[in-house]
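To start, the structure under review is shown below, and the notes come after it.
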Amino acid sequence: MSGRFALFRWSPALTALPGFPGDQQPHWNLAPGGRVLMIRETQCERRIDLARWGLTPAWLTDLSRTPAHARAETVAEQPMFRDAFRARRCLLPANGFYEWRGVRKRPYWISAEGGMMYFGALWEAYPAGGVEYLSVALVTLAAADLRRPLLLDEEAQRIWLSTESSEPELLALLAKPQMQLRERALANLVNDPKLDGPECLTPA
């Protein structure tokens, strides 16, 4: 499962989007329950917001059950996700993500050419204490015996964010072959969820 990812370097185009935090810090070990940057489209304009990684619809009463992931195979039908899939889609920018494989669960760093990835995700707003907060769930695809984030290229990002996209167009994105990725075996330092520095990428 894609339970951790990193965003430690970003482009000028990303920082130019409305809402980009002026005090944004680099992160090498983002995990469910933490705050992540999300890109969404409002009034035909892209903007950035901070959101909690763990989808929290306004009707949810048990806040210990906020899913961090939505399976692409069922996202259009599951009650937890179907409304957001139709109307509240977003992107999570990243430099790469981590996978753990094998009996000993060796961590691997997964990245792409160009240094940036954009994951398909869903968002919801939820009220708490008179404030409206944002939350997200990462859409995942089957990858052998693992699951990986839905990766979207520039054209796919446009379709995913557009409020005009039809359900068949969106479902086609979920079935689209994924881009080629690079991988590197790592030391076990990243296993510590409290560690959030460049040493997370220490090679094995």
Side-chain angles (χ1 to χ4, degrees), residues 1-7 19 21 23-25 27-42 46-94 96-101 105 107 110 117-152 160-161 163 165 167 170-171 173-175 190-196 200:
M1 184 63 72
S2 307
R4 311 258 193 92
F5 71 93
L7 180 63
D23 59 351
Q24 176 66 22
Q25 298 297 308
H27 292 286
W28 283 264
N29 203 354
L30 292 163
R35 300 178 82 198
V36 297
L37 291 184
M38 76 168 189
I39 304 169
R40 55 178 175 156
E41 193 167 282
T42 59
R46 293 188 185 186
R47 63 165 289 113
I48 283 188
D49 292 284
L50 279 168
R52 181 182 181 274
W53 186 5
L55 199 70
T56 312
W59 49 261
L60 191 68
T61 56
D62 184 355
L63 298 185
S64 68
R65 300 174 65 85
T66 55
H69 304 94
R71 288 177 171 254
E73 299 89 337
T74 56
V75 69
E77 292 86 27
Q78 276 200 346
M80 176 67 78
F81 306 116
R82 64 190 177 197
D83 289 344
F85 176 68
R86 291 168 185 153
R88 291 179 292 279
R89 297 176 301 277
C90 62
L91 304 171
L92 303 185
F97 61 94
Y98 300 100
E99 284 183 348
W100 281 262
R101 303 183 202 156
K105 297 299 182 183
I110 314 297
M117 295 175 163
Y118 293 89
F119 305 151
L122 312 173
W123 69 270
E124 289 278 11
Y126 66 99
V131 179
E132 186 175 71
Y133 294 92
L134 299 174
S135 64
V136 296
L138 176 65
V139 178
T140 66
L141 300 168
D145 59 343
L146 300 169
R147 298 197 67 83
R148 285 183 167 179
L150 170 66
L151 301 175
L152 300 173
W160 186 257
L161 290 181
T163 56
S165 296
E167 188 163 317
L170 296 171
L171 293 174
L173 292 183
L174 301 181
V190 71
N191 292 356
D192 181 357
K194 296 180 181 179
L195 185 65
D196 190 18
C200 288

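Every value quoted in this text rests on a predicted model; they were computed, and no experiment measured them. Side-chain atoms are counted along with the backbone in the values below, which use heavy atoms only and exclude waters and symmetry mates.
- The distance from atom CZ of F5 to atom CG of L30, rounded to the nearest 0.5 Å, is 4.5 Å.
- Remark: L91 CG to L37 CG distance equals 12.0 Å, nearest 0.5 Å.
- With respect to the salt-bridge test (charged N to carboxylate O, under 4.0 angstrom), the residues E73 and R147 qualify.
- N29 places a side-chain N or O within donor-acceptor distance of the main-chain N or O of D192, the cut-off being under 3.5 Å.
- Annotation for L138 and G120: closest pair CD1-O, 3.7 Å, computed over non-hydrogen atoms.
- Counting only heavy atoms from C-beta outward, the side chains of T56 and E124 never approach each other to under 4.5 Å.
- Heavy atoms only, all atoms of each residue included: L55 and L60 are closest at O-CD2, 4.2 Å.
- Side-chain contact between L173 and L150 is absent, with no heavy-atom pair separated by less than 4.5 Å.
- The closest side-chain heavy-atom distance from I110 to R148 is below 4.5 Å.
- Between the side chain of W160 and the main chain of S165, no donor-acceptor pair closer than 3.5 Å is present.
- Side-chain contact between F119 and V36 is absent, with no heavy-atom pair separated by less than 4.5 Å.
- Residues D49 and M38 have side chains in contact (heavy-atom distance under 4.5 Å, counting atoms from C-beta outward).
- With sequence neighbours left out, the side chain to side chain donor-acceptor pair (under 3.5 Å) criterion links T61 to no other residue.
- Residues in residues 127-146 take part in these ring pair (Phe, Tyr, Trp, His ring centres under 6.0 Å) pairs, two or more places apart or across chains: Y126-Y133.
- Side chains of W100 and N191 form a contact here, defined as non-hydrogen atoms less than 4.5 Å apart.
- Contact annotation: the side chain of E167 approaches that of F85 to within less than 4.5 Å [non-hydrogen atoms, C-beta and beyond].
- Residues R40 and C90 approach most closely at CB-CB, 4.3 Å, considering heavy atoms.
- Within 6.0 Å of CZ in R35 there are 12 or fewer heavy atoms belonging to other residues, nucleotides or ligands.
- Put simply, the side chain of R82 never gets that close to the backbone of Q78: no donor and acceptor are under 3.5 Å apart.
- For the pair E41 and T163, the tightest heavy-atom approach, listed with the atom from each and the gap, is OE2-N, 4.4 Å.
- In terms of modelled atom types and a separation under 3.5 Å, the side chain of R89 and the main chain of R86 share a donor-acceptor contact.
- Inter-residue side-chain proximity for T66 and S135 is flagged as unmet; no heavy-atom pair is nearer than 4.5 Å.
- Of all the heavy atoms in R4 and P193, the pair that sits closest is NH2-CB, 3.9 Å.
- For the pair Q25 (side chain) and D23 (backbone), a donor-acceptor distance under 3.5 Å is present.
- Here the shortest heavy-atom pairing between G3 and P32 reads O-CD, 2.9 Å.
- Remark: R65 CZ is loosely packed, at most 12 non-hydrogen atoms of other residues, nucleotides or ligands lying under 6.0 Å away.
- Checking side-chain atoms of W53 against main-chain N and O of A68 turns up a donor-acceptor pair under 3.5 Å.
- Here the straight-line distance linking atom CG of L92 with atom CG of L122 works out to 9.5 Å at 0.5 Å rounding.
- Among residues two or more places apart in sequence or in another chain, the ring-ring contact (aromatic ring centres under 6.0 Å, His included) test is passed with W28 by F8.
- E99 CD to K105 NZ: the interatomic distance, rounded to the nearest 0.5 Å, is 10.5 Å.
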